[in-house]
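One structure below.
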Amino acid sequence: MSSPVLAQAVKSKTQCKPTDAKLTYECTVMLMLDGKPVTGADIMVKADMPAMPMAHNVKPVPAKAMHHADGQYSFQIELEMFGEWKFTYDLAKPFRDRLGEKIMFSSGDPNEMKKEKMGTHRHN
Amino acid sequence: MSLYVASTLTNVALISFLALSAYLVLVVGEVSFGQQAFFGIGAYVTATVTAIFGGHVVVALLLSTIAGGLAALLLAALVIRLSGLYFAIASLCFAELLRLTLLRIRIPLEIDGRTTGMDGPEGFSNIRWIFENNFEVTDFLILTVLCLAALLVLLFFFERTTIMLRARLVGKDAILAQSLGIRPAQYRLAFIGLSGMVAGFGGALFALFNTHIEPQMFGVMLGVHALAYSIIGGLGAPLGPLIGVGIDIGLLESIRALSEYRMIAFGGLVAVLLILFPQGLLSPRVVNQLRARIWRRRV
């Protein structure tokens, strides 16, 4: 049985940090609904490049709820290349929804990646 | 079926519509780098009809198909005197003009507390038809595959008509076709219009599946890929472009080790295949040979 569809919009805010593995990032996403954190969510994260839709299919990964941080979920994702990626969050629980953010991943020294390079743009 | 497999297969089916639209233009001897424009028009029309006006999905699909076809006809009519390289450049310009125009249009709307509508580079969000109608990814995959199969069956029968034979002659030798009383311009117009309809329909499904579209998605890379799929697969039959899609997304996608080098591998593969099979894998010659074999067996 599928979950109900939410009438109001859920907001997301993503932050990513590079790991030691090439093109692999440790990310956290904060989900908010009416200013309150969304808890107990079942999330699958997909990533694709807006400049090349349908061609890049990074394997979706589940996002796990973080302890002591309501509404925050973490996941590790391996991308195919640097550039602008769109993360899509498919929510199955507590309601069915989809939201996304565009994030720019640039090359260079990962430890010196500036926040503006990782700036997010919410589209849902 | 996992989300990953279902999404990848849906993407294969969706991009097949674009590859088939490029195929229809190639049949009449033209090369289009602008099929992504009609795909984008279809996507935006369906997004507008379903997300803003709350229209029925069948109406949205129908309007997207018509809009894609009309836009393609407009392009064909404007550049009817151009062919070859000039047509290719004109089609690319048309697609880029549309993409840049979409980047400028900002009419965001608030519907049920959600921002939707055309919002320039931010795109068109909250196309929620699949959620409102409780469509799972696998359900959408089935819908897309059924639509693609229906299109392939239509094209299969269309291949056997004199219209297609004449169109292929126009594509091969327009002067010879003209000397036989065929009007190449009419065939070009009709096939480019038809290609726009196919791309528009595919774009409509893409918008419904993706739930968010933006001008950047309909850039030149998408058009180049669609063209490459048809050229790799061959112009002998509608199955050709699908073979091209299968090689890129199906084969290369499965070789995860290639990952960041995939585009280089794809470019290299296109070059090698075109050297070995200049007419594509399923060239008209190969198709004729296969048909002759099947015919002999039946007899």
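In what follows, chains are A, B, ... by sequence order, proteins preceding strands, each numbered from 1.
Between the CZ atom in B/F131 and the CG atom in A/D90 there is a gap of 6.0 Å [rounded to 0.5 Å]. Within the model, atoms NZ of A/K59 and OG of B/S2 stand 7.0 Å from one another, a figure rounded to the nearest 0.5 Å. The distance from atom CD of B/E214 to atom NZ of A/K102, rounded to the nearest 0.5 Å, is 3.5 Å. Rounding to the nearest 0.5 angstrom, the gap separating the CG atom in A/L99 from the NE2 atom in B/H212 is 12.0 Å. Taking NZ from A/K46 and CG from B/L3, the interatomic distance works out to 5.5 Å, rounded to the nearest 0.5 Å. Between the CG atom of A/D48 and the CG atom of B/N210 there is a distance of 6.5 Å, given to the nearest 0.5 Å.
Using a 4.5 Å cut-off between heavy atoms, B/P121 contacts chain A through its backbone alone, with no side-chain atom that close. When heavy atoms are compared at a cutoff of 4.5 Å, B/F218 does not approach chain A at all. In this structure, the portions of B/I130 lying under 4.5 Å from any heavy atom of chain A include both its backbone and its side chain. Neither the backbone nor the side chain of B/D119 has a heavy atom closer than 4.5 Å to any heavy atom of chain A.
Between B/R128 and A/R96, the shortest heavy-atom distance links the atoms NH2-O, 4.2 Å.
A side chain to side chain contact (heavy atoms under 4.5 Å, CB included) with B/M217 holds for exactly one of A/M49, A/M52, A/K86; it is A/K86.
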